Amino acid sequence: MSDTTNAMTDNPTEARKAERAEVLEKASRAKAVTGELAGYTSARKNELLTAAADALMKHRAHLVGENERDIVEGRERGLDESLIDRLRLGEDRIEAIANGLRQVASLPDPVGEILDGRTLANGLKLSQVRVPLGVMGMVYEARPNVTVDAFGLALKSGNVALLRGSKTAVHSNTALVELLRGVLRDHDAPEDLVQLLPCDSHDSVQDLITARGLVDVVIPRGGAGLINAVVMGATVPAIETGTGNCHVYIDGSADLDEAIAIAVNGKTRRVSVCNSTEVVLIDKAFSAEDRSKILQALVDAGVTLHGDRDNLVEDVRGTVTPALLDGLVEAQATDWTDEYLSMDIAVRTVDGVDDAIDWVNNHSSGHTDAVAARDWNVCEKFANAVDSAAVSVNASTAFTDGEEYGMGAEIGISTQKLHARGPMGLPELTSTKWIIRGTGQTRA
């Protein structure tokens with residue numbers, strides 16, 4: 001270790017200055033290559049994306065090895081298994097990530113798309129066209145797949161990716177970014193189209209999200225704490241991606257077996273993702289037997305039920321839902337608002353669709369909420385009145401995903417209302433500008 005390194009280690013102030021300088025220097029380099037990227041044709045961008053996909057497959061064994069280092073270190077630090085699952089990069093997941101890049105390459109290029117146009121009475125021709133945002137900062141936890149997704153979507157939409165991953169995934173992210181930069185270098189493109197920022201301290205996040213003039217947008221992706229810290233602390237425009245607290249309402253008109261399959265799939269398919277079902281609302285119109293069938297199906301799938309025992313009383317005759325409730329965990333306030341990210345689910349009875357809508361709008365995170373019903377009026381009322389980024393009608397909440405929507409990868413699920421909402425793909429990573437073409441007109 002050099003004397004300089006020792007001095008920095010012994011002096012946190014100097015180390016902090018060096019970290020901030022690195023973030024701003026990389027942001028400056030990112031800004032410097034935005035112009036070159038803006039001039040790339042769709043064919044050029046697709047060439048780079050396809051080459052990156054090929055490189056991921058070629059070097060997947062190395063990537064899995066680096067990822068295993070993160071997993072071992074994570075377990076040593078006591079990381080929850082749901083976070084380990086988010087962190088894991090098996091060969092199958094690497095193949096899926098590579099396929100996502102190829103899908104992004106196959107999608108229409110949004111840059112240059114004409115959204116509006118007209119000719120004024122004075123002969124001026126106006127057109128509104130899509131343009132890149134510029135330098136796109138990503139702040140994210142675990143999930144090394146986001147490293148590649150962000151690179152791919154940024155590149156195709158003409159943006160430069162500035163990535164601040166977490167220390168939890170430092171070996172995986174470093175290997176992935178080195179691979180991507182190598183692909184760019186080998187194809188005579190600037191390596192700085194993608195850069196990885198330091199993650200030694202949380203201060204580097206603040207450096208990124210306050211780099212006005214260098215960074216054009218920041219997008220946080222992770223838990224509620226991370227998202228709130230970025231949105232509240234940013235002086236750069238931020239797009240808020242929301243945590244998941246997804247609900248399924250099972251209406252009394254639903255096909256019971258179909259509704260059960262929707263709820264079980266939404267909960268158990270993959271508990272560590274934001275589109276996992278966390279709350280099931282059951283219509284009081286069901287008989288005690290049918291309500292018990294719904295709850296038993298969840299228990300049989302290995303799910304622990306959380307709820308209010310009094311709320312689950314069958315009806316005014318006082319018949320209580322059967323003995324399966326012996327394992328019920330009494331719900332606290334956070335059971336109705338937070339992600340479990342585990343094989344747990346909150347259950348509650350509601351008095352019809354209006355009560356369900358009111359409950360969802362007051363407790364959901366606004367990510368994805370679903371209704372299971374055969375009464376189409378109920379479906380339409382729920383779909384129109386629930387104020388969430390995505391509403392599933394007779395389908396699992398698990399479908400809220402950029403790849404499932406045909407977007408290739410996604411940059412995140414936006415739960416805000418400006419400038420994007422729901423899964424964010426290529427169009428959501430662009431802005432617009434107006435181009436006015438004249439023949440010498442002047443204004444009186």
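Because the structure is predicted, anything quoted here is derived from the model rather than measured.
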Approximate separation, where rounding is to 0.5 Å, of [X] [atom1] and [Y] [atom2]:
{"X": "His247", "Y": "Thr277", "atom1": "NE2", "atom2": "OG1", "answer": "10.0 Å"}
{"X": "Leu179", "Y": "Glu66", "atom1": "CG", "atom2": "CD", "answer": "11.5 Å"}
{"X": "Lys267", "Y": "Ser342", "atom1": "NZ", "atom2": "OG", "answer": "5.5 Å"}

Side chains of [X] and [Y]: closer than 4.5 Å at any heavy-atom pair?
{"X": "Cys274", "Y": "Ile413", "result": "yes"}
{"X": "Thr168", "Y": "Asp70", "result": "no"}
{"X": "Leu281", "Y": "Val360", "result": "yes"}

[atom1] ([X]) with more than 12 external heavy atoms under 6.0 Å:
{"X": "His187", "atom1": "NE2", "answer": "yes"}
{"X": "Ile114", "atom1": "CD1", "answer": "no"}
{"X": "Arg212", "atom1": "CZ", "answer": "no"}

Legend entry - Residue that, paired with Ile345, satisfies side-chain contact (heavy atoms from CB on, under 4.5 Å) out of Val271, Val264, Leu305, Val248: Leu305
Are [X] and [Y] within salt-bridge range, i.e. N to O under 4.0 Å?
{"X": "Arg93", "Y": "Asp85", "value": "yes"}
{"X": "Arg221", "Y": "Glu410", "value": "yes"}
{"X": "Asp387", "Y": "Lys417", "value": "yes"}
{"X": "Asp192", "Y": "Arg181", "value": "yes"}
{"X": "Arg421", "Y": "Glu428", "value": "no"}

Legend entry - For Pro144 against Ser172, the heavy-atom pair lying closest together: CB-CB, 3.8 Å
Inset, instruction - Sequence neighbours left out, what passes salt bridge (charged side-chain N to carboxylate O under 4.0 Å, His left out) with Arg443? Give chain and number order. - result: none
Inset, instruction - Identify the residue among Arg164, Arg16, Lys17 that makes a salt bridge (Lys or Arg N to Asp or Glu O under 4.0 Å) with Asp203. - result: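 Exactly one candidate clears the test, Arg16.
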Inset, instruction - Return the orientation label for the Trp359 and Trp336 ring planes: parallel under 30°, perpendicular over 60°, tilted otherwise. - result: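 Correct class here is perpendicular.
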Legend entry - Criterion salt bridge (charged side-chain N to carboxylate O under 4.0 Å, His left out) on Asp54 and Arg102, from CA distance to verdict: CA-CA 9 Å; Asp54 292 343; Arg102 293 190 179 99; 2.8 Å; yes
For the backbone of [Y] and the side chain of [X], can you confirm whether one donor and one acceptor N or O come within less than 3.5 Å of each other?
{"X": "Thr397", "Y": "Asn275", "result": "yes"}
{"X": "Gln128", "Y": "Leu115", "result": "no"}
{"X": "Asn159", "Y": "Gly134", "result": "yes"}
{"X": "Asp283", "Y": "Ile250", "result": "no"}

Inset, instruction - May I ask you to check whether His363 and Asn245 show a side-chain donor-acceptor distance below 3.5 Å? - result: no
